[in-house]
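As structure tokens, the structure follows; a few thoughts come after it.
Here, residue 1 is the first one in the sequence, and each next residue gets the next number. Keep in mind the model is a prediction, meaning the values are calculated, not measured.
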Amino acid sequence: MSAPHMDPDEFRRAGHAVVDWIADYWATLEQRPVTTADPPGTVAAALPAGPPTAGEPVDAVLADLDAIVVPGLTHWQHPGFFGYFPANTSGPSVLGDLVSSGLGVQGMLWATSPACTELETVLMDWLAQLLDLPRRFRSTGTGGGVIQDSASSATLVATLAALHRASGGRWRDVGVDRRYRAYTSVHGHSSIEKAVRIAGLGTDGIRPVEVDPQTQALRPAALRSAIEADRAGGDVPAIVVATIGTTSTTAVDPLPEIGAICAEYGIWLHVDAAYAGAAAVCPELRWSHAGLEYADSYCFDPHKWLLTGFDCDAFWVADRGELIEALTVLPEFLRNAASESGAVLDYRDWQVPLGRRFRALKLWFVLRWYGVEGLRAHIRSGVALAARFADRVRADDRFELAAAHPFSLVCFRLRADDEANAELLARVNASGRVHLTHTRVDGRYVLRLAVGSPQTSARHVDEAWTLLADAADKLLAG
């Protein structure tokens with residue numbers, strides 16, 4: 001018996017239903033609680049014990065989507081979602097992903113789908129132009145860009161390339177044969193530690209560098225001291241990961257000073273701008289990227305603040321030859337005339353997996369739909385809304401700002417103890433209207449409000465402030 005494949009006409013009918021479902025979901029998001037109140041196991045308990053024996057129509061799947069799945073979601077596209085950095089998407093991105101899924105191509109080699117590779121190369125050059133990145137990152141020179149799944153993968157790939165360089169090429173053949181070291185600020189993302197561990201250096205291989213208490217940014221003098229101490233002990237400094245927009249407070253590490261130190265010692269400099277890199281589409285926010293000309297690699301996530309659905313990390317290197325040499329593996333079954341000619345890029349050599357899907361399509365749809373001005377308007381809106389919220393905090397003597405807010409994250413707290421701030425966060429989140437998270441700044445419990453959803457407007461930010469102010473009234477009244 002042959003499988004009951006969905007023919008094009010059936011797909012067309014089902015596809016219309018699914019697109020209508022997504023549109024209805026977006027249209028009703030504001031009426032939904034941002035997070036679920038259901039206890040763990042609720043969704044699992046509502047699902048059958050095994051798969052259906054006979055196939056079911058798409059209508060039945062959509063019905064269960066409404067009844068079982070959606071009530072158990074955290075709604076990241078909700079206008080009241082202020083929790084983590086945004087993972088926003090948009091109509092053009094969804095449509096681009098749909099086309100990519102429909103084509104189902106494999107882009108591991110240029111030869112396996114030439115357009116998949118060439119569109120990605122051009123789009124990465126477009127993005128580099130849009131952000132005004134140094135020319136050394138363009139594919140027209142020695143560098144170039146590639147789409148990774150996330151900044152975590154970008155950091156891992158940069159670490160592997162750095163080990164290849166630091167070992168003089170031995171790493172490829174003999175692995176980690178000395179004690180190599182990686183450096184980042186104490187506020188560097190957890191993915192940096194994970195990359196170092198995966199690369200075989202162990203947790204001891206990472207050197208957390210202290211930050212300036214005023215700016216929360218890495219202290220260059222402390223970095224130099226750590227590097228010199230390791231060198232004196234016979235260790236090999238391999239990579240420094242500087243951050244533009246740390247997760248905790250969106251601090252910007254001083255790239256000009258860090259870059260000069262890396263150049264002096266011949267250390268690979270990777271710049272992680274996962275969240276705040278998108279800000280550079282606006283000329284007035286490019287100050288945050290000063291010193292980027294020192295970087296050997298750089299990444300940011302269009303899937304965070306640039307209206308492109310997860311997963312889409314834009315990663316560039318200044319010398320693609322180093323990266324390819326570190327990562328290339330060429331079994332006989334992948335050999336082909338185009339690759340051997342040296343005239344094409346094979347992105348399998350720029351990442352950990354062999355296979356790769358056509359992620360460039362959703363980015364292409366987004367850039368074509370919004371244009372440069374539309375993307376700038378989105379970023380500027382987030383920055384303005386965050387400033388609006390920060391003004392509310394400043395105007396209330398019970399609250400204080402806990403860090404600078406150059407982008408669209410505001411860190412703030414009640415002028416009270418940590419317990420009161422934790423209770424304030426719990427009460428506001430329990431409303432179901434908004435969702436915030438917390439961090440620690442100088443050891444103190446601090447609330448974070450991150451603006452990013454394309455549906456968020458001034459009234460949503462004002463509602464968040466009203467909820468916080470009302471909860472503070474009740475909390476401080478006892």
Side-chain angles (χ1 to χ4, degrees), residues 6-36 38 43 46-47 55-104 278 301-312 357-371 373-375 377-379 381-382 385 432-435 450-461 463-464:
M6 183 180 281
D7 65 34
D9 286 336
E10 290 173 314
F11 174 77
R12 182 176 285 108
R13 289 192 295 272
H16 281 297
V18 170
V19 169
D20 284 344
W21 187 94
I22 295 171
D24 289 342
Y25 170 73
W26 286 344
T28 58
L29 260 178
E30 190 170 350
Q31 283 75 57
R32 303 173 188 269
V34 186
T35 57
T36 181
D38 293 337
V43 174
L47 294 168
E56 300 179 66
V58 169
D59 288 349
V61 180
L62 293 179
D64 282 348
L65 193 57
D66 281 322
I68 300 172
V69 177
V70 172
L73 292 176
T74 294
H75 300 287
W76 283 66
Q77 310 307 315
H78 195 290
F81 182 88
F82 300 113
Y84 305 94
F85 287 140
N88 56 33
T89 190
S90 63
S93 175
V94 171
L95 295 175
D97 247 342
L98 179 62
V99 174
S100 175
S101 297
L103 292 174
D301 291 339
H303 68 232
K304 278 195 170 69
W305 199 14
L306 210 63
L307 299 163
T308 306
F310 189 86
D311 53 346
C312 184
R357 58 196 186 82
F358 205 166
R359 292 191 191 95
L361 273 176
K362 60 186 171 188
L363 197 53
W364 192 42
F365 271 57
V366 168
L367 291 174
R368 295 283 299 274
W369 172 268
Y370 287 98
E373 289 306 321
L375 295 175
H378 173 64
I379 297 297
S381 171
L385 289 174
R433 297 299 307 151
V434 298
H435 183 70
V451 180
S453 168
Q455 295 204 35
T456 301
S457 67
R459 65 184 178 84
H460 301 110
V461 169
E463 180 182 12

Check your understanding: About how many Å separate CZ of Arg433 and CZ of Phe81, when rounded to the nearest 0.5 Å?
Key -> 15.0 Å
Revision key, fill the gap. Smallest heavy-atom separation, His75 atom then Leu29 atom, equals CB-CD2, 3.8 Å
Point to revise | Residue pair Phe310 / Thr89, side-chain heavy-atom distance below 4.5 Å | key: no
Review point. Where do Trp26 and Ser90 come nearest, in terms of heavy atoms and distance?
Key: CH2-C, 4.0 Å
Exercise for review: Given side-chain contact (heavy atoms from CB on, under 4.5 Å), test Ile68 with Val43 step by step and report yes or no.
Suggested key: CA-CA 6 Å; Ile68 300 172; Val43 174; 3.9 Å; yes
Point to revise | Derivation of the side-chain contact (heavy atoms from CB on, under 4.5 Å) call for Gln77 and Asn88 | key: CA-CA 6 Å; Gln77 310 307 315; Asn88 56 33; 4.0 Å; yes
**Study point:** Within 6.0 Å of CH2 in Trp76, more than 12 heavy atoms from elsewhere
**Key:** yes
Point to revise | Approximate separation, where rounding is to 0.5 Å, of Leu363 CG and Arg368 CZ | key: 12.5 Å
Point to revise | Atom pair OG1/CG of Thr35 and Asp38 - distance to nearest 0.5 Å | key: 10.0 Å
Check your understanding: Which atom names give the shortest non-hydrogen contact between Ser93 and Gly309, and what distance separates them?
Key -> OG-N, 2.7 Å
Check your understanding: So do the side chains of Leu103 and Val99 get within less than 4.5 Å of each other, counting heavy atoms only?
Key -> yes
Exercise for review: Answer whether the closest heavy-atom distance between the side chains of Val461 and Phe82 falls below 4.5 Å.
Suggested key: yes
Check your understanding: Cut-off 3.5 Å, side chains only: do His460 and Glu30 have a donor facing an acceptor?
Key -> yes
**Study point:** Leu375 and Leu367, any side-chain heavy atoms less than 4.5 Å apart
**Key:** yes
Review point. Does the side chain of Arg32 reach to within under 4.5 Å of the side chain of Leu73, using non-hydrogen atoms?
Key: no
Point to revise | Asp97/Arg357 ion pair, N-O < 4.0 Å | key: yes
Point to revise | Shortest non-hydrogen separation from Phe358 to Ser100 and the atoms involved | key: O-OG, 3.1 Å
Review point. Are any non-hydrogen side-chain atoms of Trp369 and Leu95 less than 4.5 angstrom apart?
Key: no
Exercise for review: Describe, in one word, how the ring planes of Tyr25 and Trp21 are oriented to each other, choosing from parallel (under 30°), tilted (30 to 60°) and perpendicular (over 60°).
Suggested key: parallel
Check your understanding: Do you know the tightest heavy-atom contact between Val366 and Leu306?
Key -> CG1-O, 3.8 Å
Check your understanding: Which heavy atom in Lys362 sits nearest to a heavy atom in Cys312, and how many Å separate them?
Key -> CE-CB, 4.0 Å
Review point. Roughly how far apart are His378 NE2 and Glu373 CD, rounded to 0.5 Å?
Key: 14.5 Å
Point to revise | Asp24 backbone acceptor or donor facing Thr28 side chain under 3.5 Å | key: yes
